[in-house]
Amino acid sequence: AEVEQHTTDEEERMSLVPSPRPKNGSSLRSLLVLGWTRKVPAVLEELVQAEGEPLRVDVISTSEFAERREELGAIGTDPRLILQHERADYTVPNVLAQRDLGKYDAVLLVGSDRLESGAESDARTIVGYEVLYSALPRSGPIPRVVIEMTDTDNAALLEDQDVEVLVGPQLLGRVLSQVALVPELCEVYDELFGAGGAELAIHPASEYGIAGGGAIAFVTRREAVTRVGHVVLGALTADGRAVSLNRPPETPFFPAIEV
């Protein structure tokens, strides 16, 4: 005897969950650093530990070479880091206009810690970004741009740009306040912010077997993500500019992007 099976559209879409999940291809092989602070060596050390292949890094800054070598310490001689220094002012248009920016996977524009105020640092950062934007290729590969700023009001000036802005003091202040309230969170932040281990990332819903169609309940998305050993925290909003976190189980979401 034959038994007829009925499946809902949601179940049919969930049956395509891949295992194991393919890599998202976001490896970093080449990086351009504009500016120099004492935090740059720590960033490079984390990146080197996180990437399996050698990391090629070009640094453009007005700081002295001797100062950079001293602050780099042991990471400066790590064979996994191919580091090239240039002493120049990246806010001068010709400095970046003469470079092939399309060869970099990412550009990191760091805030200056040598100016008298955060406002001056952010002003220089914004000028640097405008110069960088004018030099970016208009076709072909374009590097991901990450910008460090010191003030949220100034960061708002770049909201409409296709860049990622990190406000260092705000991030540090929030982490410290949360750890002060819940000391156990310190281990969580060590895991998330250290090289390797668990990390926060955005992935297309299709990587978990969720195809196009009608809305899917948040609890169903959570089950799909759990099948591959991940933890879903939320989903992008319809405009793609924010993340809706920890929604009630039956909250409907259209297949888009998981976090």
Side-chain angles (χ1 to χ4, degrees), residues 21 23-61 63 65-86 90 101 103-114 118 121-122 125 128-129 132 141-150 155 158 163-179 183-203 229-231 233 243 259:
R21 185 184 65 80
K23 293 183 179 180
N24 61 10
S26 60
S27 60
L28 182 68
R29 297 184 180 87
S30 58
L31 172 69
L32 174 62
V33 178
L34 301 179
W36 183 268
T37 69
R38 288 168 293 181
K39 291 177 284 188
V40 172
V43 172
L44 297 181
E45 184 175 4
E46 292 290 342
L47 291 175
V48 165
Q49 294 181 41
E51 297 298 326
E53 300 181 10
L55 176 63
R56 183 179 299 275
V57 178
D58 293 342
V59 179
I60 301 178
S61 171
S63 64
F65 294 139
E67 175 188 347
R68 300 185 216 175
R69 286 193 294 268
E70 179 180 355
E71 293 179 349
L72 278 167
I75 189 63
T77 58
D78 193 312
R80 297 169 296 177
L81 179 64
I82 305 172
L83 191 58
Q84 180 174 333
H85 291 281
E86 179 178 341
Y90 62 81
L101 298 177
K103 71 179 182 179
Y104 298 104
D105 295 320
V107 177
L108 174 61
L109 207 165
V110 299
S112 174
D113 57 5
R114 295 187 293 174
S121 174
D122 285 352
T125 298
Y129 170 69
L132 171 65
I142 297 178
R144 171 186 175 190
V145 178
V146 181
I147 300 176
E148 179 192 22
M149 302 193 77
T150 63
L158 299 175
V163 299
E164 296 180 53
V165 180
L166 300 177
V167 183
Q170 180 190 57
L171 179 61
L172 180 59
R174 290 179 176 178
V175 169
L176 289 176
S177 63
Q178 291 183 29
V179 170
E184 292 80 7
L185 284 176
C186 186
E187 294 185 11
V188 176
Y189 287 128
D190 285 344
E191 174 73 11
L192 290 175
F193 294 152
E199 62 181 28
L200 297 177
I202 296 177
H203 298 282
H230 292 184
V231 177
L233 299 180
V243 177
V259 177

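All residue numbers refer to positions in the sequence shown, counting from 1.
- A donor-acceptor pair is defined here as one N or O able to donate and one able to accept, closer than 3.5 Å; no such pair exists between the side chain of E148 and the backbone of L166.
- Listed for the T150 side chain is no donor-acceptor partner under 3.5 Å among the backbone atoms of D122.
- Shown here for E45 and I75, the closest heavy-atom pair between the two residues is CA-CD1, 3.8 Å.
- Rounding to the nearest 0.5 Å places CH2 of W36 at 8.5 Å from CD of E67.
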Practice problem: Kindly determine whether S63 and R68 satisfy side chain to side chain contact (heavy atoms under 4.5 Å, CB included), including the steps that lead there. | Solution: CA-CA 7 Å; S63 64; R68 300 185 216 175; 3.0 Å; yes

Exercise. Let me see the working for L101 and L132 under side chain to side chain contact (heavy atoms under 4.5 Å, CB included), right down to the final yes or no.
Key: CA-CA 9 Å; L101 298 177; L132 171 65; 3.8 Å; yes

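- Every residue meeting the side-chain contact (heavy atoms from CB on, under 4.5 Å) condition with V188, not counting sequence neighbours, appears here in chain and number order: L185, L192.
- Checked by atom type and distance alone, the side chain of D105 never pairs as donor or acceptor with a backbone atom of L28 at under 3.5 Å.
- Looking at residues two or more places apart in sequence or on another chain, you find no salt bridge (Lys or Arg N to Asp or Glu O under 4.0 Å) involving E70.
- For the atom pair CD (E164) and CG (L109), the distance works out to 13.5 Å, reported to the nearest 0.5 Å.
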Which pairs of donor and acceptor atoms, one on a side chain in residues 167-179, lie under 3.5 Å apart (sequence neighbours left out)?
{"from": "S177", "atom 1": "OG", "to": "G173", "atom 2": "O", "distance (Å)": "3.2"}
{"from": "S177", "atom 1": "OG", "to": "R174", "atom 2": "O", "distance (Å)": "2.8"}
{"from": "Q178", "atom 1": "OE1", "to": "Y189", "atom 2": "OH", "distance (Å)": "2.4"}

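- For the pair I60/L32, a side-chain contact is recorded, criterion being any heavy-atom separation below 4.5 Å from C-beta on.
- In this structure, the side chains of M149 and Y129 stay at 4.5 Å or more apart for every pair of heavy atoms.
- Of all heavy-atom pairs between A155 and V165, the closest is CB-CG1, 3.6 Å.
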Practice problem: Report the C-alpha separation of V146 and R144 in whole Å, then their side-chain angles, then the decisive distance to 0.1 Å, and conclude whether the side chain to side chain contact (heavy atoms under 4.5 Å, CB included) test is met. | Solution: CA-CA 7 Å; V146 181; R144 171 186 175 190; 4.0 Å; yes

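- Residues S61 and G35 approach most closely at CB-C, 3.9 Å, considering heavy atoms.
- With rounding to the nearest 0.5 Å, the separation of CG in L47 from CZ in R29 is 14.0 Å.
- By the side chain to side chain donor-acceptor pair (under 3.5 Å) test, Y104 pairs with D58, R99, sequence neighbours left out.
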Exercise. Any chance you could lay out the side chain to side chain contact (heavy atoms under 4.5 Å, CB included) test for V110 and L34, step after step, and finish with the verdict?
Key: CA-CA 6 Å; V110 299; L34 301 179; over 6 Å; no

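- The side chain to side chain donor-acceptor pair (under 3.5 Å) check on R56 picks up nothing, with sequence neighbours excluded.
- Residues forming a side-chain contact (heavy atoms from CB on, under 4.5 Å) with V57 (at least two apart in sequence, or on another chain): L31, V33, L44, L55, V59, L81, L83.
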